[in-house]
Amino acid sequence: MDTRLLVAASLAASLTTSFAVAEATRHQVSSFAELAQHVNDLGGLTGTLVVMDDDDTLTMMPCPEGSKPKHCQYLGGPAWYAWQDNLLKNDKNSPYLIAKDEATLLKLSTMLFAINNMVYTEADVPKVLNDLSSKGVRLLVETARGYETTSATAAQFSALTAETGSFAQLISRNSLIMEDSNTTSLPGPYAPCNIPGSRSVSYQQGVIYVAGQNKGTMLQCLLESYENSELDNPALPIRNIVFIDDTQANVDAVYQTFAGQQQYQVRALHYNAFDAHKAALTTGPKAETYQANAKRRWEKISQVLQHQLQSTIATDPNAAKLQRVGQQ
C-alpha cells in the first residue's frame with residue numbers, strides 16, 4: 001500500500017476513534033469511590049478534570065450519621081435554603097419563614113455560610129481526591145455560591161484536613177492553572193463569556209463561584225479561558241471531564257451543555273447519597289422536629305445579632321417592618 005494512503009488511513013481511524021469516544025453521559029453514584037471508578041474507566045488521567053459541587057456533595061452542615069435530630073443541623077444548608085425558598089413562594093405566612101423576600105434570604109444564607117464550619121460528606125473524600133491527583137488528575141470545585149462567599153468558603157476548606165495539608169491546598173495545587181495569573185485563579189469577579197445579563201463569577205484557588213447560574217455554561221466558559229491560555233501553559237490539555245453534583249438539575253445542565261460536542265468525553269454524575277437526608281427536612285416522620293430545630297437555632301442567632309450589632313438585616317416576615325437596630 002502507498003505510504004501516504006497508509007498514513008491517511010491511520011489518521012482517519014484515529015480521528016474516528018476520538019470522535020466516537022468524545023461524548024457526554026449521565027450516571028448515578030452514591031459514593032466518591034464510585035466517582036473514582038468512572039475516572040479510572042475513562043483512562044488518560046493526566047488529561048482528566050474532576051469537577052465537584054460543594055454543598056451536600058463535598059461538604060455539608062454537621063449532621064453525624066445516626067445522630068438524634070437535635071444534633072443534626074439543617075440551618076444554612078441547601079435543603080434548608082430550598083425549603084425557605086419554597087415557603088417564600090407558597091406560604092409567606094409560615095412561622096418558619098425567616099426572610100421577607102428572596103434577596104434577604106440570600107443575604108442571610110450567605111451570612112450563615114460565613115459563620116459555619118463544614119464537614120466532609122464522606123470520610124473518604126480527601127483520600128479519593130488525593131489518590132486521583134497523585135496520578136495527574138486535576139480537581140475543580142464548581143459551587144453555586146456567589147463570589148461574596150469566597151473568603152468563607154476558603155476558610156471552610158482550610159479548616160478541613162487532607163492527607164497532606166488542608167483541603168484548600170489539595171484543590172488549589174491540582175486545579176487549572178491560568179496563563180493570565182500563572183495560578184489556579186483569575187482576576188475578578190468577571191463576566192462569564194461576556195454573556196449579556198449574566199451575574200459576575202469568580203475563579204479563586206481552584207474554586208469557581210457561579211452565583212446560581214447554569215453550571216454547564218459556567219464550566220464551558222472557564223474551560224474556554226483555560227484553552228486560550230494553553231499556548232503559554234505547560235499543563236496538559238483536558239480531554240475527560242467527570243462532573244459530580246447532588247442536584248439532578250445541575251447534572252442535566254452539564255450533560256446538555258456538552259452533549260454532541262467532540263472535544264471532551266464527559267460523565268455527569270448525580271451524587272444521590274444524601275437524597276434521603278435532604279428530603280427528611282420536609283417529608284418523613286421527623287420533618288416537623290427538624291424544622292422546629294432549624295427555627296429555634298435561627299431565632300437564637302437572630303437575637304444575638306439584633307442585640308450586638310449596630311445595624312442588622314430585617315428578617316421578621318410577620319412584622320410590617322423591622323426597625324434597624326442601632327444608631328439612627
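The structure presented is a predicted model; accordingly, all values stated were derived computationally and were not measured.
- Checked by atom type, the side-chain pair Q28/Q248 shows a donor-acceptor distance below 3.5 Å.
- Between the CD atom in E23 and the OG1 atom in T25 there is a gap of 6.0 Å [rounded to 0.5 Å].
- The main-chain N or O of W298 is never found under 3.5 Å from a side-chain atom of S302 such that the two would form a donor-acceptor pair.
- Counting non-hydrogen atoms of neighbouring residues, nucleotides and ligands closer than 6.0 angstrom, the OH atom of Y147 reaches no more than 12 such neighbours.
- With hydrogens and angles disregarded, a donor-acceptor distance shorter than 3.5 Å links the side chain of Q204 to the backbone of L186.
- Here CE of M178 is found 9.5 Å from CG of N228. Values are rounded to the nearest 0.5 Å.
- At least one side-chain heavy atom of N182 sits under 4.5 Å from a side-chain heavy atom of I177.
- With Q73 contributing its side chain and L75 its backbone, the two residues share a donor-acceptor pair below 3.5 Å.
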Residue pair T57, D245: steps toward the side-chain hydrogen bond (donor to acceptor under 3.5 Å, both in side chains) verdict: CA-CA 6 Å; T57 301; D245 197 298; 4.6 Å; no
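- Not one N or O on the side chain of Q303 forms a donor-acceptor pair closer than 3.5 Å with the backbone of K300.
- Residue V39 is not grouped with residue V251 when hydrophobic side chains (ILVMFWY) are merged at heavy-atom distances under 4.5 angstrom, including chains of intermediate members.
- You'll find the ring centres of W83 and Y96 inside the 6.0 Å limit.
- Side-chain contact between L58 and V125 is present, with heavy atoms from C-beta onward closer than 4.5 Å.
- The shortest side-chain heavy-atom distance between T247 and K215 does not fall under the 4.5 Å cut-off.
- For Q213 and T217, the side-chain atoms include no donor-acceptor pair closer than 3.5 Å.
- Surrounding CD of E102 are at most 12 heavy atoms belonging to other residues, nucleotides or ligands under 6.0 Å away.
- The backbone N or O of A36 sits less than 3.5 Å from a side-chain atom of N40, completing a donor-acceptor pair.
- When atom types are taken as modelled, the side chain of S172 and the backbone of A168 share a donor-acceptor pair closer than 3.5 angstrom.
- Counting only distance, with no hydrogens or angles, the side chain of T153 and the backbone of T150 share no donor-acceptor pair below 3.5 Å.
- To the nearest 0.5 Å, the span separating OG1 on T149 from CZ on F113 amounts to 7.5 Å.
- Taking the side chain as every heavy atom from C-beta outward, V201 and M218 approach each other to under 4.5 Å.
- Enclosure of atom CD in E288 is not indicated, since only 12 or fewer non-hydrogen atoms of other residues, nucleotides or ligands lie within 6.0 angstrom.
- Y120 has its ring centre less than 6.0 Å from the ring centre of F167.
- No donor-acceptor distance shorter than 3.5 angstrom exists from the side chain of K295 to the backbone of I98, with no hydrogens or angles considered.
- Between D131 and V128 there is no side-chain heavy-atom pair separated by less than 4.5 Å.
- Put simply, W80 and Y290 are part of the same group of oily side chains (I, L, V, M, F, W, Y) that touch within less than 4.5 Å, one to the next.
- By the 4.5 Å heavy-atom criterion applied to side chains, L219 and L140 are counted as neighbours.
- I241 and M52 fall into different hydrophobic clusters, where Ile, Leu, Val, Met, Phe, Trp and Tyr side chains are chained together by heavy-atom contacts under 4.5 Å.
- Between R138 and the choices L49, L45, T48, the side-chain contact (heavy atoms from CB on, under 4.5 Å) rule is met once, by L49.
- Under the rule for a salt bridge (Lys or Arg N to Asp or Glu O under 4.0 Å), D56 has no partner lying at least two apart in sequence or in another chain.
- Note on M118 and F157: separate hydrophobic clusters, where clusters join Ile, Leu, Val, Met, Phe, Trp and Tyr whose side-chain heavy atoms are under 4.5 Å apart, directly or indirectly.
- Separation of atoms CG (D53) and CG (D246) is listed at 5.0 Å; rounding is to 0.5 Å.
- Under the 4.5 Å side-chain criterion, counting only non-hydrogen atoms from C-beta, C63 is not in contact with H71.
- A donor-acceptor pair under 3.5 Å is absent between the side-chain atoms of T46 and the main chain of G136, judged by distance alone.
- Side-chain contact between R26 and D252: present, with at least one pair of heavy atoms (C-beta onward) separated by less than 4.5 Å.
- Listed for the S133 side chain is a donor-acceptor partner under 3.5 Å among the backbone atoms of N130.
- Using modelled atom types, one finds a donor on one side chain and an acceptor on the other under 3.5 Å when comparing D54 with T59.
- Between F243 and F258, the distance from one ring center to the other does not fall under 6.0 angstrom.
- With 3.5 Å as the limit, one finds no donor-acceptor pair spanning the side chains of S30 and N272.
- Close placement of the Y74 and H277 rings is indicated, their centers lying within 6.0 Å of each other.
- At a cut-off of 3.5 Å, with distance as the only test, no side-chain donor of Y271 or S31 sits close to an acceptor on the other residue.
- The ring of H38 has its center closer than 6.0 angstrom to the ring center of H27.
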